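What you see is a predicted model; the values in this text were computed from it and never measured.
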Amino acid sequence: MAPDKYRARCLTMRASGESGDNLSPIAPVQFESPVGQLLAQILRTHPHLLPAAIDQQLENLQSDKTDQKEETPPSQDLLYKRIAEVKEKERRRTLEEIIYCLIVQKFVNNEIAMIPKIMATSDPTGRVDFWPNQEQKLESVHSPEAFEMIQSHLSLVLGDRVVGPLSTIVQISKIKLGKLYAASIMYGYFLRRVDQRFQLERTMKTLPEDFNEDRARFDDPNPGKQLWDPDSLIRIPPDDDNDGDRGGYMGTGEGKPYRLRSYVMYLDSETLQRYATIRSKEAISLIEKQTQALFGRPDIRILDDGSLDTSNDEVVSITFSGLTMLVLEAVAFGSFLWDAESYVESKYHFLKS
């Protein structure tokens, strides 16, 4: 069999918005439900009205859910059960798009243009990353302590990118690029969640008194504290010995410095796993949809022997600077996902305990 069959096809790609007379999409995922389309239109034309519109839609969802519960279902009525299932599916889709709209709103409020769908092109450079550099804006949405960990995450997943110039072009599989983006969303989700707890404990002056950095650094039973990612994309590296004067340190009231990364290393494995777990099916679905909207659905087939055939995977060319922007956007998306999910839960209870 020809060896080319198993070689990933190399295409020239770039990111571009949809053309036409209408406004370019402000987000790669397109809204499908009537509520989602309405909210997207409000976000474009009257963004100051969006919070009230979202609250009203959440109130409508709650009323619809309450009304359905109050109905007395006929015994063994399959038609009634089917109608109830359809309504629940519609509510979930609407809820999902409300959460996504809240995420997009945060990008808009921070004047961050989301990376559009990657499209094929005949551009001679072969690069995909024609989006603007927004590193400072993406940094500003995190606390200094959280961004310090994000920098460690970048070093881990991109390697020693400081060896060459950021304009250096590398080739990477679209499947791997999609995995990196999705894993970075989950990292951002986890990081926002644990950073909120850290900031609260710091404000309340309840940070652990028996904290020992040497124990966190050297006695870690699982080096690097690999969390949820099987390809080791997401890990919590221990503190370095020589960065005691860097930003991210703060006093606890008794002169003892703590850093978020050290705090994460101090947490037990069960707590870490709980914080790394996505809470809702809607959030998991949005991670998948956002990733596929950017990179497309991966072309993977299962062969007769049970192995995975990725021979049709595409290879794209991208600079280290572009990779950095992709990861930073994904981490911000994950952080905003946690915020949006938490806000919706405060108005419309949908998370299971």
Side-chain angles (χ1 to χ4, degrees), residues 8-17 27-28 107 110 112-121 123-142 146-191 224 226-237 287-288 290-298 310 313-337:
R9 294 185 290 114
C10 182
L11 297 181
T12 300
M13 310 286 291
R14 68 166 293 175
S16 65
F107 278 100
N110 287 279
I112 301 172
M114 298 183 71
I115 296 173
K117 181 180 180 180
I118 294 177
M119 305 286 288
T121 181
D123 190 282
T125 65
R127 289 175 49 192
V128 307
D129 51 315
F130 289 91
W131 44 82
N133 189 311
Q134 304 176 97
E135 187 168 345
Q136 290 185 344
K137 292 180 180 179
L138 289 166
E139 176 182 351
S140 68
V141 304
H142 306 284
F147 192 72
E148 182 188 24
M149 288 190 63
I150 293 170
Q151 289 176 314
S152 297
H153 172 72
L154 280 168
S155 298
L156 178 68
V157 300
L158 301 185
D160 194 7
R161 66 191 190 285
V162 297
V163 171
L166 291 178
S167 59
T168 301
I169 296 178
V170 295
Q171 291 189 329
I172 183 171
S173 153
K174 279 187 71 177
I175 290 180
K176 289 184 178 179
L177 202 57
K179 284 183 177 180
L180 171 60
Y181 190 89
S184 295
I185 291 178
M186 291 189 286
Y187 183 78
Y189 183 95
F190 159 79
L191 192 59
Q226 179 178 334
L227 298 178
W228 56 83
D229 182 63
D231 296 325
S232 301
L233 284 175
I234 310 300
R235 297 166 64 182
I236 306 299
I287 294 173
E288 180 180 347
Q290 172 69 11
T291 303
Q292 290 187 0
L294 283 177
F295 307 104
R297 186 179 296 273
T310 60
D313 185 21
E314 300 167 5
V315 173
V316 298
S317 298
I318 187 171
T319 63
F320 277 122
S321 177
L323 276 173
T324 300
M325 288 299 303
L326 271 174
V327 172
L328 288 178
E329 179 188 273
V331 174
F333 188 97
S335 298
F336 295 158
L337 175 59

Could you pull out the closest heavy-atom pair between L191 and A146, with the gap in Å?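 Distance-wise, the nearest heavy atoms are CD2-O, 3.5 Å.
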G188 and S335: which non-hydrogen atoms are nearest, and at how many Å?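 It is O-OG, 3.3 Å.
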To the closest 0.5 Å, what do you measure between [atom1] ([X]) and [atom2] ([Y])?
X    : Y    : atom1 : atom2 : value
F336 : N110 : CZ    : CG    : 5.0 Å
M114 : F333 : CE    : CZ    : 5.5 Å
L177 : E314 : CG    : CD    : 11.5 Å
T324 : L154 : OG1   : CG    : 5.5 Å
I115 : L326 : CD1   : CG    : 4.0 Å
Q290 : L294 : CD    : CG    : 5.0 Å

Does a side-chain heavy-atom distance below 4.5 Å link [X] with [Y]?
X    : Y    : answer
V170 : I318 : yes
V331 : H142 : yes
Y181 : E329 : yes
D129 : M325 : no

Answer yes or no: is there a donor N or O on one side and an acceptor on the other, between the side chain of T291 and the main chain of G178, under 3.5 Å?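 No, because the side chain of T291 does not come within donor-acceptor range (under 3.5 Å) of the backbone of G178.
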Are the side chain of E139 and the backbone of F147 linked by a donor-acceptor contact shorter than 3.5 Å?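 It does not hold such a pair.
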Tell me, with the steps shown, if I150 and L138 meet side chain to side chain contact (heavy atoms under 4.5 Å, CB included). CA-CA 11 Å; I150 293 170; L138 289 166; over 6 Å; no
